[in-house]
Amino acid sequence: MLKVSEIVKILDAEVLTGEENMDLEIYSGCGADLMSDVMAFVKESVILCTGLVNPQVVRTAEMMDIKVLCFVRGKVPGEAVIELAREKGITILATRQPLFICCGLLYSNGIKGRGVWN
Amino acid sequence: MSEAIVKLHYDIDAEDFTTAGEASSGVKKTLTRLGVNHEVIKRVAIAMYEAEINAVIHANGGTADVEITPERVTVIIADNGPGIPDLDQAMTPGWSTATNLVREMGFGAGMGLPNMKRYTDEMYVDSKVGVGTKVTLIVNMNRQGA
């Protein structure tokens, strides 16, 4: 488990919205650029790391009850995406780390939970 | 639940891909307001979102009709799109006819219909080539019989 504040430090991430959610506890993670693959993933308390920065990422998070998104590879979403996330109460982080390294850092620091595929 | 039957109707607009998901978002809000079980809400939201995205991607939009009763949530997504020539193929995880543009948006992984099936208790696809597709998604309030 990691708190969002710890994730921010580990990934050297910027908080684009959701500064009030730094104490949220994250137990499992998902790294993907395909949203349908994300939607095949059932788990609570998830961080989604992705290189996609369009509004559908926020929509997918909304449907999945994913509270924290981390955009990787230095991708920065448009203001409309950040606004949509703010409206939905979803925290957005942004890091320069690539997806693989991002997942590796989170895993080795304590987010070991995986999704359920059945 | 406070109300016996709730019916909702949405037009799924395909003009702007960025708004895809608004109908599913509205249904999720309504189910939350009605105090429906968290797991049921998530299953409905995901299955309906996939169907909504499909209507946008493949059929230039369509309609969504939702009926919420104390027993179940029924979602019918209908479109006047090209139809599905081979349903078995379309149900195969990974099989997709989506364009590169759709893939760039994060869809077209060939998981849409399989995901809908996974998250629902009943799913019916009524499709005619050149006429359109109607997908019926049913999630029971009580998981028994799933």
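In what follows, chains carry the letters A, B, and so on, assigned in the order in which the sequence lines appear, proteins first and then strands, with residues in each chain numbered from 1.
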Heavy atoms only, distances under 4.5 angstrom: which of A/V58, A/V57, A/V38, A/T60 has the most pairs with chain B? Name it, please. A/T60

Greatest number of non-hydrogen atom pairs under 4.5 angstrom with chain B, of A/M63, A/M64, A/E62, falls to A/M63

For the pair A/R59 and B/E22, find out whether any cationic side-chain nitrogen is under 4.0 Å from an anionic carboxylate oxygen. yes

Given the options A/A32, A/P55, A/S36, A/A80, which has more heavy-atom pairs under 4.5 Å with chain B than any of the others? A/S36

With B/E67, which residues qualify under salt bridge (Lys or Arg N to Asp or Glu O under 4.0 Å), at least two apart? B/K7

Which residue pairs pass the salt bridge (charged side-chain N to carboxylate O under 4.0 Å, His left out) test with at least one member in residues 14-29 of chain A, sequence neighbours excluded? none

What part of B/Y49 gets closer than 4.5 Å to chain A, counting heavy atoms only: side chain, backbone, both or neither? side chain

Does a side-chain N-to-carboxylate-O contact under 4.0 Å join A/R86 and A/E83? yes

Between A/T50 and A/D33, is any side-chain donor less than 3.5 angstrom from a side-chain acceptor? yes

Examine whether an atom of A/L52 lies under 4.5 Å from a heavy atom of chain B, and if so say whether it belongs to the side chain, the backbone or both; otherwise answer neither. side chain

Quiz question: by atom type and distance under 3.5 Å, do the side chains of A/S45 and A/K67 form a donor-acceptor pair? no

Cut-off 4.5 Å, heavy atoms of chain A, and the answer for B/I41 is neither

Residue part contacting chain A, namely of B/E104, when any heavy atom lies under 4.5 Å: backbone

